[in-house]
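Worksheet for the structure shown next.
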There are 2 protein chains.
Amino acid sequence: MLDLAILGLLQEGDLHGYEIRRRLRQSLGLVSNVSFGTLYPALARLEAAGAVRSVAPLAPTSEAPSGPATGSLSGELAALRARRSTLARPKRSKKVYRLTDEGRVLFTELLADTGAGDDARAFSLRLSLGRHLTVEARTRLLERQHDRVALRLAEVTDAASSAELDSYARCVVEHQADTLSNDLAWLERLIAAERASQHQPTTTSGRHAVAPANS
Amino acid sequence: MLDLAILGLLQEGDLHGYEIRRRLRQSLGLVSNVSFGTLYPALARLEAAGAVRSVAPLAPTSEAPSGPATGSLSGELAALRARRSTLARPKRSKKVYRLTDEGRVLFTELLADTGAGDDARAFSLRLSLGRHLTVEARTRLLERQHDRVALRLAEVTDAASSAELDSYARCVVEHQADTLSNDLAWLERLIAAERASQHQPTTTSGRHAVAPANS
DNA sequence: AAACCAGTATATCGCTTCGATATAACGAAC
DNA sequence: GTTCGTTATATCGAAGCGATATACTGGTTT
């Protein structure tokens, strides 16, 4: 789950751990701040698996919006030289991570693997990365979530009506039902939009798309 | 977090693990089904801490809606005798847990401890158990959650407007903002209701209530 | 009646995640 | 020039999750 998020962020460019943590919350809209006790083991895991590798930190200016640092070896060397000559002591500096080709493969695998992580957070994450999916895969993702939410809504509605709950518990489940039906409407709107774009494939075709997984 | 939920359920009567798992979802409205790998270690933990103890399984009829099994020793014996004579269903290896006095103390502690578990799930759980809180403690709980949600909403709104997000990520954060503002309105309604009942303490006073924690 | 399958129930294993904490470097305030 | 806040990496123990193993029970098939 977290691996997918990290790989997704790293597609945009090289990042170090602290920055990844910030963007996980901001860009991907993940609910809770991922703790370092989660993030760093995850990065180490991915590095061990060969999905990312740490590169020398280049110019600490900004987030390098143009080229995602492909083949800027001379630049890196220059940055390293400058650092060594002027500021000195690179002891424990930033570790900047870069996605490898293997990592890109892993990314598409994790993104397409709908079985892993049936969480609501997992869905939000995958939808946030929807740009990397084909129209079909996106639609399936949305439909699957729609079914899950509908099922849960039925359960919650049933529990709210039949069971003997005191006022506070009832209050909570009723609000939960409200939220769920709101989610459901939202999902239905999105599905309708995808269906429309599927029948009129005008603009966005899936370039970096994931092949429609079997089943 | 889970400990509090278990103790809360056990206040209504004795339960075995499998039943606790079902009610966690139904009554307390907890999102995901708690897995056994979570539940049984938690029960063992609570038993080791003396908060619950396993008793002989009594009548498998229903959920004992009347008295929550205080001093019903003769009832247990009768149930056991009846079981042995008529239906003969000893249903071995069913471990029924009962709350101890120590467990009741732990329950009020966990319920009042607002610091632990700043999760949205922790809030829902505590509000579901709101009956065991004083009006003041409940109001504080609601206000705290209100502030948290308001803060998060500001962050999300900011991220949605300023940052460069592609259409899918934007879609997710916008829906998140929508959900959050809905939550906020709900919390404000609840707070207003609590304030009203605080100024006109007509009906429900906190009998099993928790003392207003310091700070 | 024996064999089989599905449901109920308890328990454990390995891995991931969390929260707290330690450590270190840097820049700014004082 | 030393203290302090921010940025940053790393580790530890506890808790949670998913998969899995193990039984007992009730109903169906053969």
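Chain identifiers are assigned alphabetically (A, B, ...) following the order of the sequence lines, protein sequences preceding nucleic acid strands; residue numbering begins at 1 within each chain. We use all heavy atoms of the structure for the numbers below, so side chains are in, but hydrogens, waters and symmetry mates are not.
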State whether [X] places a side-chain N or O below 4.0 Å from either non-bridging phosphate oxygen (OP1 or OP2) of [N].
X        : N       : result
Thr38(A) : dT16(C) : no
Arg45(B) : dG16(D) : yes
Arg21(B) : dC17(D) : no
Tyr40(B) : dT10(C) : yes

Taking atom [atom2] of [N] as reference, at what distance in whole Å does atom [atom1] of [X] sit?
X         : N       : atom1 : atom2 : result
Arg22(A)  : dT9(D)  : CZ    : P     : 11 Å
Asp3(A)   : dC15(C) : CG    : C1'   : 12 Å
Glu19(B)  : dT8(C)  : CD    : P     : 11 Å
Leu39(A)  : dA20(C) : CG    : P     : 17 Å
Asp119(A) : dC18(C) : CG    : P     : 11 Å
Phe36(B)  : dC17(D) : CZ    : P     : 13 Å
Leu24(B)  : dA15(D) : CG    : P     : 17 Å
Leu43(A)  : dT16(C) : CG    : C1'   : 14 Å

*Between the side chains of Asp183(B) and His175(A), does any donor sit under 3.5 Å from an acceptor?*
yes
*Do any N or O atoms from the side chain of Arg170(B) and from the backbone of Leu165(B) form a donor-acceptor pair under 3.5 angstrom?*
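Yes: the side chain of Arg170(B) pairs with the backbone of Leu165(B).
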*For the side chain of Ser54(B) and the backbone of Val96(B), is there at least one donor-acceptor N/O pair under 3.5 Å apart?*
no
_Closer than 4.0 angstrom, basic N to acidic O: yes or no for Glu155(B) and Arg25(A)?_
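Yes.
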_Earlier contact from the 5' end, DNA chain C, for Gly37(A) and Tyr18(B)_ =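 Taking each residue's closest nucleotide, the earlier one in sequence belongs to Tyr18(B).
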*Describe, in one word, how the ring planes of Trp186(A) and Phe123(A) are oriented to each other, choosing from parallel (under 30°), tilted (30 to 60°) and perpendicular (over 60°).*
perpendicular
*Go through dA8(D), dT17(C), dA9(C) for me and flag the one nearest to the Leu2(A) side chain.*
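Ranking dA8(D), dT17(C), dA9(C) by closest atom to the Leu2(A) side chain puts dT17(C) first.
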_Minimum-distance nucleotide to Ser35(A) side chain [options: dA15(D), dC18(C), dT11(D)]_ = dC18(C)
